[in-house]
Amino acid sequence: MSNKLKGLLRTHHCAELNVKNIGQKVTICGWVNKYRNLGALHFIDLRDKYGVTQLGFEEFAGDLAVLKSFSLESVVMAEGTVRARPDNAQNKKMATGEVELVVEKIELMSRCDIDSLPFLPNGSVQSSEDLKLKYRYLDLRTKKLQDILKLRSVTAFKAREILIGHDFTEVETPILYKSTPEGARDYVVPSRVQPGKVYALPQSPQTLKQLLMIGGTDRYFQITKCFRDEDLRADRQPEFTQIDIEASFVTQETIKDLVRKLLISFFTLPEDFEIPMMSFAHAMKVYGSDKPDLRFGLEHSIVTDVFKECSFATFADVAKADGMIKAIFIPSELGSLPRKEIDKLTDVIKPYGGKGVAWFKVTDTTRSGGISKFVDDALYTSLTETAQRSGDGIWLFVADGSEDRVHACASALRLHLGSHLKLVQDGYRFVWIYDFPLFEWSEEDKRYAARHHPFTSPKIENMQKFMDGEELKTLTAEAYDIVCNGYELGGGSIRIHNSDVQRKMFETLGMSEEEAKYQFGFFMDALNYGTPPHGGLAFGLDRIVMLLAGTDNIRDVIAFPKTSSASDLMAQAPSIPAEAQLKELHMNWIK
């Protein structure tokens with residue numbers, strides 16, 4: 001079947017013409033990318049999303065003066081005959097560089113006001129990020145962004161192809177839904193017809209996909225928008241897209257095998273590709289993060305006990321107070337850090353609550369700089385034996401009374417050093433993280449919170465302890481994350497399918513029976529009517545495309561993204577509604 005559609009204004013796009021088309025009459029359309037007036041010769045480079053074609057005007061019967069009115073970025077349609085370029089005028093770097101279109105007729109379809117154009121999308125001068133976001137439609141004309149949009153489309157297609165091939169049914173779930181406490185803040189939508197009440201935009205379709213399992217759908221997926229009102233960063237947006245997956249009568253192994261098949265398709269991996277596994281405890285101990293970047297080393301070592309009796313009071317106090325001290329050793333063959341670079345390391349960990357980075361250097365077993373005067377031979381021997389590291393290099397340390405803070409600071413330090421010392425290798429390094437804690441303690445609320453979400457099942461071997469309320473801090477969950485190059489690409493779990501277990505979970509999280517019924521009564525009722533064991537995973541489509549596109553900015557992979565303050569600079573959103581609309585929504589108290 002031909003992929004040509006009827007009724008097009010063009011016969012070819014601007015990357016399609018080559019020597020096989022010589023002598024053919026064709027019509028192409030696009031934007032004026034460049035105009036060259038060489039006196040007797042005039043050329044226009046015409047661009048569309050596919051590429052560029054050179055237009056020549058040697059046989060143009062019209063007035064060549066009209067070409068001057070075709071400002072850059074104007075849209076034109078050109079008709080003519082394809083001919084070979086002279087040998088000395090061919091451009092081997094262009095897909096169409098062996099030919100040009102000899103124009104017989106050209107029509108200006110839309111003129112660009114070049115005087116007010118904020119920037120040339122394909123110009124040599126780079127515009128600011130804010131300017132490109134304000135005029136996103138211009139930035140979208142670049143090959144980079146068009147290629148990413150195409151890549152995103154292809155990735156979504158591959159997901160549908162694999163999932164439908166495994167008998168998954170694509171189901172759309174509501175965007176206007178109930179506000180439920182699942183972690184991040186909800187975006188809420190006031191109801192006009194029910195004054196004082198609101199809908200919430202879903203943080204994820206979590207309860208909805210579980211209800212689909214209760215409803216007998218068996219295998220569900222959806223490529224869906226999710227919304228979370230949380231602080232933003234380079235890999236996070238207020239609205240993002242998930243490849244959401246849920247299936248009945250499955251185990252972790254089932255979900256992991258499905259994910260493996262999807263990753264093989266997304267990343268063009270060999271069929272025998274396998275994903276290594278790493279426990280949450282090991283990931284935190286060695287990398288300080290549950291999403292470790294495995295493309296380089298610089299693993300952490302916990303050396304708290306080494307410093308319990310040392311003369312360096314800061315470390316001794318931390319060690320004796322049940323804090324944590326972590327070390328990173330940089331062998332000299334991996335690179336060196338001048339003193340001024342070491343001093344800058346404090347700035348790396350400050351955002352994570354760190355106060356400073358201690359250090360010393362080793363050269364031919366001689367220790368110097370930093371805290372070296374506190375490191376005698378016995379302590380150094382104990383350090384090298386505990387860390388299983390030795391030789392010439394630099395030792396770096398992070399210490400604090402909070403283990404979480406030490407992990408976060410040491411992780412930030414490791415990532416900085418991996419980049420600064422150019423240790424990060426090319427390619428994709430995937431890993432499954434498993435055995436997550438079921439709960440985490442909220443110091444602010446003085447209660448336990450769900451590490452993933454309140455529908456994650458405790459591990460079977462933990463179930464009785466969970467039901468008895470014992471050793472909650474040590475319980476692990478039937479949860480799993482797929483990580484690549486330091487990004488969490490997806491997370492999932494085997495869900496609770498027993499109403500008594502779910503009721504106990506809400507109770508453990510500090511919800512009263514009345515609150516649980518108010519928030520999740522509909523769901524608790526559903527669990528009483530025959531619920532199959534089920535589980536799933538949600539991929540972050542945006543992050544997957546980020547990796548495939550080789551960018552570290554999530555805004556690059558979203559057609560119309562928002563800034564780090566959740567603003568749409570192009571549409572000037574969020575904005576203040578009209579007074580009449582506020583009144584209709586019973587929100588006229590807003591100033």
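Below, each value reflects all heavy atoms present in this structure, side chains not excepted, and no hydrogens, waters or symmetry copies.
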Would you indicate whether the side-chain heavy atoms of [Y] and [X] approach each other to under 4.5 Å?
X: Tyr428; Y: Leu548; value: yes
X: Met570; Y: Lys134; value: no
X: Ile106; Y: Glu79; value: no
X: Phe221; Y: Val171; value: no
X: Leu212; Y: Thr169; value: no
X: Leu64; Y: Asn37; value: no
X: Trp31; Y: Ser74; value: no
X: Glu129; Y: Asn553; value: yes

How many angstroms lie between [atom1] in [X] and [atom2] in [Y], if you round to the nearest 0.5 Å?
X: Cys484; Y: Leu263; atom1: SG; atom2: CG; answer: 8.0 Å
X: Lys132; Y: Leu145; atom1: NZ; atom2: CG; answer: 7.5 Å
X: Leu337; Y: Leu396; atom1: CG; atom2: CG; answer: 6.5 Å
X: Ile482; Y: Lys291; atom1: CD1; atom2: NZ; answer: 14.5 Å
X: Cys29; Y: His12; atom1: SG; atom2: NE2; answer: 12.5 Å
X: Lys209; Y: Gln242; atom1: NZ; atom2: CD; answer: 6.5 Å

Test item: [X] side-chain N/O and [Y] main-chain N/O as donor-acceptor pair under 3.5 Å:
X: Gln237; Y: Lys562; result: yes
X: Arg85; Y: Val99; result: yes
X: Lys158; Y: Ser265; result: yes
X: His13; Y: Ala15; result: yes
X: Lys4; Y: Thr11; result: yes
X: Asp186; Y: Val188; result: no
X: Ser153; Y: Leu149; result: no
X: Thr217; Y: Arg219; result: no
X: Arg260; Y: Glu274; result: no
X: Thr563; Y: Ser565; result: yes

Verify whether one side chain among [X] and [Y] offers a donor that lies under 3.5 Å from an acceptor in the other.
X: Thr81; Y: Gln24; result: no
X: Gln252; Y: Lys256; result: yes
X: Gln90; Y: Lys92; result: yes
X: Tyr177; Y: Thr207; result: yes
X: Arg152; Y: Thr241; result: yes
X: Asp244; Y: Tyr220; result: yes

Just checking, Arg414 and Phe296: is the charged tip under 6.0 Å from the six-membered ring centre and within 45° of the axis?
yes
Other residues, nucleotides and ligands only: do more than 12 of their heavy atoms fall within 6.0 Å of [atom1] on [X]?
X: Tyr199; atom1: OH; value: no
X: Gln572; atom1: CD; value: yes
X: Tyr352; atom1: OH; value: no
X: Arg339; atom1: CZ; value: no
X: Lys225; atom1: NZ; value: yes
X: Glu333; atom1: CD; value: yes

Would Phe43 and Leu55 count as a side-chain contact (heavy atoms from CB on, under 4.5 Å) here? Give the steps.
CA-CA 5 Å; Phe43 299 98; Leu55 309 182; over 6 Å; no
Criterion side-chain contact (heavy atoms from CB on, under 4.5 Å) against Val82, the qualifying member of Leu17, Asn18, Thr96, Thr53:
Leu17
Give the intermediate values and the outcome of salt bridge (charged side-chain N to carboxylate O under 4.0 Å, His left out) for residues Asp139 and Arg136.
CA-CA 5 Å; Asp139 202 26; Arg136 183 65 168 183; 3.8 Å; yes
So, for Phe430 and Phe273, is the gap between ring centers shorter than 6.0 Å?
yes
Under the salt bridge (charged side-chain N to carboxylate O under 4.0 Å, His left out) criterion, do Arg236 and Glu230 qualify, and how do the steps go?
CA-CA 9 Å; Arg236 184 182 284 169; Glu230 56 190 351; 3.5 Å; yes
Which label fits His42 and Tyr35: parallel for a plane angle under 30°, tilted from 30 to 60°, or perpendicular past 60°?
parallel
Assess the residue pair Arg228 and Glu239 against the criterion (salt bridge (charged side-chain N to carboxylate O under 4.0 Å, His left out)); give the C-alpha distance rounded to whole Å, side-chain angles, the decisive distance to 0.1 Å, and a yes or no.
CA-CA 7 Å; Arg228 292 178 189 170; Glu239 54 181 306; over 6 Å; no
Going by an N to O cut-off under 4.0 Å, is there a salt bridge joining Arg10 and Asp48?
yes
Go through it in stages, so that I can follow the logic: the residues are Asp147 and Lys49, the test is salt bridge (charged side-chain N to carboxylate O under 4.0 Å, His left out), and I'd like the CA-CA distance, side-chain angles, deciding distance and then a yes or no.
CA-CA 9 Å; Asp147 285 350; Lys49 73 165 282 184; over 6 Å; no
Could you walk me through whether Phe267 and Ile544 satisfy the side-chain contact (heavy atoms from CB on, under 4.5 Å) test, starting with their C-alpha distance in whole Å, then the side-chain angles of each, then the deciding distance to 0.1 Å, before giving a yes or no?
CA-CA 9 Å; Phe267 292 89; Ile544 290 172; 4.1 Å; yes
